[in-house]
Novice: 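Here it is, the structure, as structure tokens.
This structure is a prediction, so every number in the text was calculated from the model and none was measured. Residue numbering restarts at 1 for every chain, and letters A, B, ... go by the order of the sequence lines.
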2 protein chains.
Amino acid sequence: MTSNINPAPSATIYEVAARAGVSIATVSRTFADNGSVAPRTREAVLTAAQELRYVPAAAARALAVRRSKALGVVLPHIAGPYYAELLVGFELAASQLGLSVVLTLVAPNDRRAATVHELLGRVDGIAFMARSGADDDTVRRVAAARPTVTVARRRIPEADAFFAENRETARRLTEHLLAHGRRRIGFVGLAEGGSDIGRRHRGYLDALEGAGLDPALHLSVDPVEDAGFAVAEQLLADGAVHELDALVCGNDELAIAIIARLAAAGVRVPEDLAVTGWDDTRTARYLAPSLSTVRQDVSALGRLAAHRLAARIDGDPVQDPVTVDSALVLRASCGCPPVPPRPSSSVPSSAPSPKESR
Amino acid sequence: MTSNINPAPSATIYEVAARAGVSIATVSRTFADNGSVAPRTREAVLTAAQELRYVPAAAARALAVRRSKALGVVLPHIAGPYYAELLVGFELAASQLGLSVVLTLVAPNDRRAATVHELLGRVDGIAFMARSGADDDTVRRVAAARPTVTVARRRIPEADAFFAENRETARRLTEHLLAHGRRRIGFVGLAEGGSDIGRRHRGYLDALEGAGLDPALHLSVDPVEDAGFAVAEQLLADGAVHELDALVCGNDELAIAIIARLAAAGVRVPEDLAVTGWDDTRTARYLAPSLSTVRQDVSALGRLAAHRLAARIDGDPVQDPVTVDSALVLRASCGCPPVPPRPSSSVPSSAPSPKESR
DNA sequence: AATGGCGATGGAAGCGCTTACAGTGGCGGC
DNA sequence: GCCGCCACTGTAAGCGCTTCCATCGCCATT
């Protein structure tokens, strides 16, 4: 054990006022930049505060002004780059607006309404991100009590909504596969209505329809690695892999697992089968063949959500949903010529480069 | 625009009390599980609260009990899996303890002491994670005011410290390379004292020393992708690559970029040059050759930090630093026989599998 | 020299909740 | 039939801060 001394409670505005020889009102004004305080007085207050290591109690301020100056974020229990980027975008924007961020993780299945309810009491507004555990009912209830936004989540009329573009981009991606001469194109991923992957599936169907083609195959699985391996096993087992010439996957994770498993079984990607992903994860660049995918401006989604929430708190009404553009990132797995994975050349599109590091 | 109706301010304890025909003290007791309240009364209060959609104001409670029931986390502006996992571990533990998590991002360079100071006013304790922007002075100041813990960060006597094991594991990793017959082993990464990578470098030196060998090369660069490419360029340019037979990299990011660039130039990994990383990122599994690396139980670090913080807040004194074991993950890039990237077979060690998904 | 106006300051009333402390009434024991 | 105890409940005093309103000099006007 290193030390027994736990920090003493910090000074209050009263002690600062006493030490500076002024009233607490003056101390308060000094810290609230607006109030008019004589330079000498201000100086004295600042000095006293410094000496006392004064830290204003946010709770007291919140109580007095009836604003916590904090935003809540609800995320699923997932530590992938997608949510991390969303969160970073959100936090950056919030902190620039002078707002704190209170994070709550809610697993997709467990409906811990309690957690969210508690969160509600400490923030001025809440953002629900994608597959966060909270169900639509919870979101609706929250939206009735506080400004609320949703990101990549089924829309609720009472909340502002943000999405990355899915359908149109999926159509273009699928058309690109068609341009490579592929005709028997399958889709992998759970196509629930209202979900991102559901919309991607729609776009895929749009493209096929436009070309007068039928969907070759649809495997409804969770967009996770394990499911990708299972899908690949199945395709190999029932020989379906030979009746396909392309596979549009709901996300990179699926695509990567499928490619890895198929490659191990001797299926050549893209020669025998083109495969595409979605999300442009880091692995997509380094995989062999490098993965054609879609980059979403996820941090923009986070940023927009925070700004919208701040506006709502300041009295703005709910707005129509906003969609952020996505960009195709064409690499080798769709049949395009391979490009070595260099940072500079890995960003052929105009979308901002993803931040991913340690 | 969809709706003009912004949520009305929620009911207070007074309104609930009035509606239930009791005093506010009774309402308070009803929600604080401890107080003794007659079943009928409790029922009436609960009903009234339900009907009024009562949400207790956390700020008022915090003010009254002089506890915010919230923990602060300071992270760098980085959206990689490492920090995400840390954060998830932390949040899970905190929420199980009934504590909220307030997140603050501070870039490594910018010393926004202001942000941290503000955070200080709204939480009962703070965790500083790894390369978070706050410098040692800031941490020290915070530690003087509130219970504080650090994770993978230079130790401060006033704060509890948590680390993943680095030195010993790096020694074992380097010895493994020696066992593969490698003798001219270089190190890539900034070896600052007190940093994780600095400790890994120490372990690398330990192994060489134990074998009576000299370090072949040390390139001090930031542990980021771009630096990895630059390092590879340089090794190729000055021919140093031919004087080495192994490279221990400070993290996966460096290793992956180096392998990719070297492979493009015809250098065979691991035949010509063995390369190892650190962190066991997802890409490590899918890279060709698959990357030998080290898995750290990052979410355990987060969990431990949260628990320690909670204990400190309850009056526990500062404890000695705690180190969490790391595990070698040997794949192909060190010279071991390759293993196909299947989820089940990709986890040869006993460490928990990393969560990474979307 | 009296009058306004105004910048600077203090007084004091909350904000919504917790928690001593002080009842209040019913009930068993004597 | 009175007393004391106990389970409940109410009263009220804060917690630390903001902010309206009043006060007080002091200087520029008239």
Novice: For the side chain of B:Ala38, starting at C-beta, report the closest nucleotide among D:dT9, D:dC17, C:dC15.
Specialist: D:dT9

Novice: What integer distance in Å separates A:Arg40:CZ from C:dG7:C1'?
Specialist: 16 Å

Novice: Within the 4.0 Å heavy-atom criterion, would you say B:Phe31 contacts the bases, only the backbone, or no part of the nucleic acid?
Specialist: nothing

Novice: Contact between B:Leu46 and B:Tyr54 at the side-chain level, heavy atoms closer than 4.5 Å - yes or no?
Specialist: no

Novice: Answer yes or no: does a side-chain N or O of A:Arg66 lie under 4.0 Å from OP1 or OP2 of C:dC15?
Specialist: no

Novice: Any non-hydrogen side-chain atom of A:Glu158 less than 4.5 Å from a side-chain atom of A:Thr148?
Specialist: no

Novice: Could you tell me how far apart B:Arg122 (CZ) and D:dC17 (P) are, to the nearest whole angstrom?
Specialist: 14 Å

Novice: For the pair made of CZ in B:Arg61 and C1' in C:dC15, what is the distance, rounded to whole Å?
Specialist: 17 Å

Novice: Would you sort out whether B:Arg141 and B:Leu120 count as a side-chain contact (heavy atoms from CB on, under 4.5 Å), showing the intermediate values?
Specialist: CA-CA 10 Å; B:Arg141 245 193 319 274; B:Leu120 200 50; over 6 Å; no

Novice: Could you tell me whether the side chain of A:Arg61 reaches within less than 4.5 Å of the side chain of A:Pro56, counting heavy atoms only?
Specialist: no

Novice: Whether A:Arg312 and A:Asp124 form a salt bridge (side-chain N of Lys/Arg under 4.0 Å from carboxylate O of Asp/Glu) is what I want to check.
Specialist: no

Novice: Does the side chain of B:Val318 reach to within under 4.5 Å of the side chain of B:Asp160, using non-hydrogen atoms?
Specialist: yes

Novice: What is the distance, rounded to the nearest whole Å, between atom CD1 of B:Ile13 and atom C1' of D:dT11?
Specialist: 14 Å

Novice: Measure distances between side-chain N and O atoms of A:Tyr14 and base N and O atoms of D:dC17, and say whether any donor-acceptor pair falls under 3.5 Å.
Specialist: yes

Novice: Please evaluate residues A:Asp314 and A:Arg67 with respect to the criterion salt bridge (Lys or Arg N to Asp or Glu O under 4.0 Å), reporting the C-alpha separation (whole Å), side-chain torsions for both, the decisive distance (0.1 Å), and the verdict.
Specialist: CA-CA 11 Å; A:Asp314 288 344; A:Arg67 277 282 168 88; 3.8 Å; yes

Novice: Distances for protein N/O vs nucleotides 10-12 of chain C N/O pairs under 3.5 angstrom?
Specialist:
{"from": "C:dG10", "atom 1": "OP2", "to": "A:Ser23", "atom 2": "N", "distance (Å)": "2.8"}
{"from": "C:dG10", "atom 1": "OP2", "to": "A:Ser23", "atom 2": "OG", "distance (Å)": "3.0"}
{"from": "C:dG10", "atom 1": "OP2", "to": "A:Thr26", "atom 2": "OG1", "distance (Å)": "2.6"}
{"from": "C:dG10", "atom 1": "N7", "to": "A:Arg29", "atom 2": "NH2", "distance (Å)": "3.4"}
{"from": "C:dG10", "atom 1": "O6", "to": "A:Arg29", "atom 2": "NH2", "distance (Å)": "2.6"}

Novice: Can you tell me how far C1' of D:dT9 sits from CD of B:Glu43, to the nearest Å?
Specialist: 18 Å

Novice: Reckon A:Ser28 touches a base, only the sugar-phosphate, or nothing at all at heavy-atom distances under 4.0 Å?
Specialist: base

Novice: Assign A:Val37 to base, sugar-phosphate, or nothing according to its heavy-atom contacts below 4.0 angstrom with the strands shown.
Specialist: sugar-phosphate

Novice: What integer distance in Å separates A:Leu63:CG from D:dC17:C1'?
Specialist: 8 Å

